[in-house]
Amino acid sequence: MRERFRLLGSARTEQEWTFDVEVPRESPYFDGHFPDRPVLPAVAQLAILNEVYCGSIEPGRSIGTIPQLRFQESIQPDQRLTFHVGHPDQSARSSFAIRRAGQAVSRGTIVWKAAS
Amino acid sequence: MTGVPGDPGALLPHGPAARFVREILTVEPGLIVMRGAVPADSPFVRDGVAPAVIALELAAQSAGVLEACVGDDEPDTPPNLGYIVGLRELSMNCVEVPAGRDLIARVTLDGVARPLTIYRVSVSLDGADILTGKISIFTAAPGPIDPA
């Protein structure tokens with residue numbers, strides 16, 4: 001099975017979790033998206049968030065609602081990305097951002113729900 | 001409006017491996033209802049299910065098909081590239097969606113400010129909504145253009 005993405009490391013601060021990811025050129029996330037112009041699908045960013053944050057960092061959570069999220073720049077293969085997930089507030093709401101070389105490529109808010 | 005194609009995926013810039021759309025059920029200016037599915041061999045699928053948020057891709061592709069059906073492009077023109085650039089009020093009513101099962105996406109035009117288009121979307125499984133919300137799509141002609 002081809003590698004979908006590489007988790008390079010994670011860290012927790014008082015404000016947030018961060019984890020570094022690379023999506024290699026050979027990742028099936030790029031299959032057909034698009035032919036001759038690989039761009040990481042927006043849903044793949046959310047899938048990685050779901051798998052790493054909900055699967056490992058905070059198991060038992062899932063993405064409930066997304067009040068707003070902007071995908072500001074496209075992501076190409078082999079780029080190093082840092083996911084930032086703010087600790088949830090009392091409403092289970094977190095800030096969310098993906099940065100590349102310190103610049104936000106995606107940014108928004110996510111409200112979590114407990115996985116049944 | 002151009003004729004309804006037998007394979008809606010052929011109207012998209014996506015290669016076959018990335019296509020979620022299967023059959024247009026209804027299409028008219030400002031509205032499309034599409035049957036689709038998360039492919040069983042999709043990289044988003046684990047143990048036969050995908051996170052519910054992945055259904056968003058069906059909605060986005062359906063919007064792309066709607067755009068192609070109502071467009072004035074010549075038949076041989078390569079399809080424009082559509083990028084999801086924004087989500088608003090997106091709500092998932094379940095945690096996971098089964099791969100390979102028929103999903104129904106309903107996409108209605110909510111606003112246009114070219115090259116941005118806003119759609120109100122819903123995706124349902126067995127008659128129950130699993131995802132609702134709004135998506136913004138940036139449309140670019142094929143070429144080295146970044147929506148940023």
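Since this is a predicted model, take the numbers as computed values, not measurements. Heavy atoms only: backbone and side chains are in, while hydrogens, waters and symmetry mates are out.
Linking ILVMFWY residues whenever their side-chain heavy atoms come closer than 4.5 Å, directly or via other members, places A/Ile57 and A/Phe96 in the same cluster. In this structure, B/Leu31 is not a member of the same hydrophobic cluster as B/Val121, with clusters built from ILVMFWY side-chain heavy atoms closer than 4.5 Å. A single hydrophobic cluster is seen to contain both A/Leu81 and A/Leu49, as judged by linkage of ILVMFWY side chains at heavy-atom distances under 4.5 Å, directly or through other members. Using a 4.5 Å cut-off between side-chain heavy atoms of Ile, Leu, Val, Met, Phe, Trp and Tyr, with links allowed through other members, A/Val111 and B/Ile130 fall into different hydrophobic clusters. A single hydrophobic cluster is not seen to contain both B/Ile54 and B/Val49; linkage of ILVMFWY side chains at heavy-atom distances under 4.5 Å, directly or through other members, places them apart.
Taking A/Pro35, A/Gly32, A/Ala42 one by one and counting their heavy-atom pairs under 4.5 Å with chain B, the maximum is reached by A/Gly32. Listed options B/Ala18, B/Gly15, B/Pro43 were ranked by heavy-atom pairs under 4.5 angstrom with chain A; first place goes to B/Pro43. Per-residue heavy-atom pair counts under 4.5 Å with chain B were compared for A/Ala44, A/Gly108, A/Pro41, and the maximum is reached by A/Ala44.
Taking CD1 of A/Ile66 as the reference point, atom CG of B/Leu56 lies at 7.5 Å (rounded to 0.5 Å). Interatomic distance, A/Thr109 OG1 to B/Arg88 CZ, rounded to the nearest 0.5 Å: 9.5 Å. Distance CG/B/Leu12 to CZ/A/Phe34: 9.0 Å, rounded to 0.5 Å. Distance check, rounded to the nearest 0.5 Å: CG of A/Asn50 to CD of B/Glu96 gives 8.5 Å. To the nearest 0.5 Å, atom OG of residue A/Ser106 and atom CG of residue B/Leu87 are 9.5 Å apart. The structure places OG of B/Ser91 at 12.0 Å from CD1 of A/Ile63, a figure rounded to the nearest 0.5 Å.
For chain A, the nearby part of B/Arg46 is the side chain; its heavy atoms alone come within less than 4.5 Å. Contact annotation for B/Pro16: neither backbone nor side-chain heavy atoms come within less than 4.5 Å of a heavy atom of chain A. The contact between A/Val39 and chain B is made entirely by side chain atoms (from C-beta outward), counting heavy-atom distances below 4.5 Å. Proximity to chain A (any heavy atom under 4.5 Å) is restricted, for B/Asn93, to the backbone atoms N, CA, C and O.
Taking both residues in full, the closest heavy atoms of B/Glu57 and A/Val43 are given as OE1-CG2, 3.6 Å, listed atom of the first, atom of the second, then distance.
Within 6.0 Å of the CZ atom in A/Arg4, the count of heavy atoms belonging to other residues, nucleotides or ligands exceeds 12. Summarising the local packing, CG of A/Asp89 is surrounded by more than 12 heavy atoms from other residues, nucleotides or ligands at distances under 6.0 Å. Atom CZ of B/Arg22 is surrounded by more than 12 heavy atoms from other residues, nucleotides or ligands within 6.0 Å. Crowding of B/Arg35 atom CZ: a count of heavy atoms from other residues, nucleotides or ligands under 6.0 Å exceeding 12. With a 6.0 Å radius and a threshold of 12 heavy atoms from other residues, nucleotides or ligands, B/Arg106 has its CZ atom at or below the threshold.
The shortest distance between side-chain heavy atoms of B/Leu90 and A/Gln68 does not fall below 4.5 Å.
The aromatic rings of A/Tyr29 and B/Phe44 lie parallel to each other, their planes meeting at an angle below 30°, with 60° marking the opposite boundary.
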